[in-house]
Amino acid sequence: MEPTPTPHPVATNKFEAIDWNVKHTMYHCGQIGLLRRVVSERFDFGLRVG
């Protein structure tokens, strides 16, 4: 990692920084998915109920 005045909040090396970035992005993708379900309709997979 490039030295900066402010240290990374989680990572101490490049692998940890990349790993954290992927997990952080997926967390936000999940949040967006939940918001879409609340705002619009649920996705219809064409499954029959019952």
Side-chain angles (χ1 to χ4, degrees):
M1 292 177 37
E2 300 297 322
T4 60
T6 306
H8 193 277
V10 176
T12 57
N13 59 43
K14 286 185 180 183
F15 175 77
E16 288 178 359
I18 292 170
D19 185 53
W20 176 84
N21 191 355
V22 170
K23 290 175 183 175
H24 187 76
T25 301
M26 291 306 295
Y27 173 77
H28 286 300
C29 288
Q31 287 180 321
I32 291 168
L34 289 172
L35 288 171
R36 284 189 55 156
R37 289 180 80 173
V38 169
V39 172
S40 55
E41 300 175 14
R42 288 180 166 217
F43 187 76
D44 181 18
F45 291 101
L47 301 174
R48 289 186 235 168
V49 178

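Just so it is clear, the structure is predicted and the values come from calculations on it, not from any experiment.
- No side-chain heavy atom of L34 sits under 4.5 Å from any side-chain heavy atom of Q31.
- Rounding to the nearest 0.5 Å places OG1 of T25 at 7.5 Å from NE2 of H28.
- R36 and S40 make their closest contact through O-OG, 2.7 Å (heavy atoms, listed as atom of the first residue, atom of the second, distance).
- The two residues A17 and A11 have their closest heavy-atom pair at N-CB, 3.3 Å.
- Applying the salt bridge (charged side-chain N to carboxylate O under 4.0 Å, His left out) test to residues at least two apart or on different chains, the pairs with a partner in residues 17-35 are D19-K23.
- If you chain together ILVMFWY residues whose side-chain heavy atoms come under 4.5 Å of each other, W20 ends up grouped with V10.
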